[in-house]
There are 2 protein chains.
Amino acid sequence: MLHNRVKELRARFGFSQGELGERVGVTRQTIGFIEKGDFSPSITLALKLAREFEVKVDELFWLEGDKSQ
Amino acid sequence: MLHNRVKELRARFGFSQGELGERVGVTRQTIGFIEKGDFSPSITLALKLAREFEVKVDELFWLEGDKSQ
DNA sequence: ACATAATGTATACTATACTTAACATAAAGT
DNA sequence: ACTTTATGTTAAGTATAGTATACATTATGT
């Protein structure tokens, strides 16, 4: 099971779903689906999101029960 | 453009493509394709690979021209 | 020389990420 | 009251991740 902090960080940066989507090259629905946990994005998109929020991918996405690192 | 160090780290750990695939739950062909750069895996698979090699996702996959962090 | 294990590659198939379009709701501004 | 902006959600479509099967090549061991 995959978890993420996209919604939290997006709020912190004051982006709308549409704005964030535009910045990383996807639609607002895609951002919405990711926040909802509906699917596991590609590593390419995950890297772009992490870059946008200036965090490491591992801080943005993690697997259930994976406290490693 | 996405780059990765899967082949290098797999060699360092002495895994065959088949073994590594088994450990992270995909086929050997999928590992082969990733090493070749044929496609961008899901963040879920990327997290499992990083966990296997005990590195952060960002150290295993990165975007072309992205020296950040 | 033969067998086995690992890899490269190709094709067809299935699963899922992601898009497009649409409609509904709520909040904020005029 | 009306408009605008942001979000939730759904359904149908397209693109691509990932599987299954198969065959060829290379390296290693006997």
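Within every chain, numbering begins at 1; the chains are lettered A, B, ... in the order of the sequence lines, protein sequences first and strands thereafter.
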Q: Could you tell me the separation between the NZ atom of B:K56 and the NZ atom of A:K56, rounded to the nearest 0.5 Å?
A: 7.0 Å
Q) Is it true that B:E35 and B:R10 have a side-chain N and a carboxylate O under 4.0 angstrom from each other? A) yes
Q | Test: A:E8 and A:R5 ion pair at under 4.0 Å | A | yes
Q.
Just to verify, which of A:V26, A:I31, A:V6 counts as forming a side-chain contact (heavy atoms from CB on, under 4.5 Å) with A:Q17?
A. A:I31
Q | Contact boundaries on DNA chain C for chain A, cut-off under 4.0 Å to non-hydrogen atoms | A | C:dA17 to C:dA22
Q. Expressed in angstrom and rounded to an integer, what is the separation of A:L20 atom CG from D:dA6 atom P?
A. 13 Å
Q. For every nucleotide of nucleotides 12-30 of chain D, 5' to 3': is a protein heavy atom under 4.0 Å from its base (B), only from its sugar-phosphate (S), or from neither (-)?
A. -----SBBSBB--------
Q. Side chains of B:L49 and B:F61: does their closest heavy-atom pair fall under 4.5 Å?
A. yes
Q. Heavy-atom distance under 4.5 Å between the side chains of B:T30 and B:V24, does that happen here?
A. no
Q. Would B:K36 and B:D38 pass as an ion pair if we require N to O under 4.0 Å?
A. yes
Q: Hey, can you tell me if B:F15 and B:F53 have their rings parallel, tilted or perpendicular (30° and 60° cut-offs)?
A: parallel
(Q) Quick check: is B:L47 connected to A:L45 through a chain of hydrophobic side chains (ILVMFWY, heavy atoms under 4.5 Å apart)? (A) yes
Q: Note the angle between the end axes of the helix from C:dA1-D:dT30 to C:dT30-D:dA1, five pairs defining each, rounded to 10 degrees.
A: 40°
Q.
Are more than 12 heavy atoms, taken from residues, nucleotides or ligands other than A:E19, located less than 6.0 Å from that residue's CD atom?
A. yes
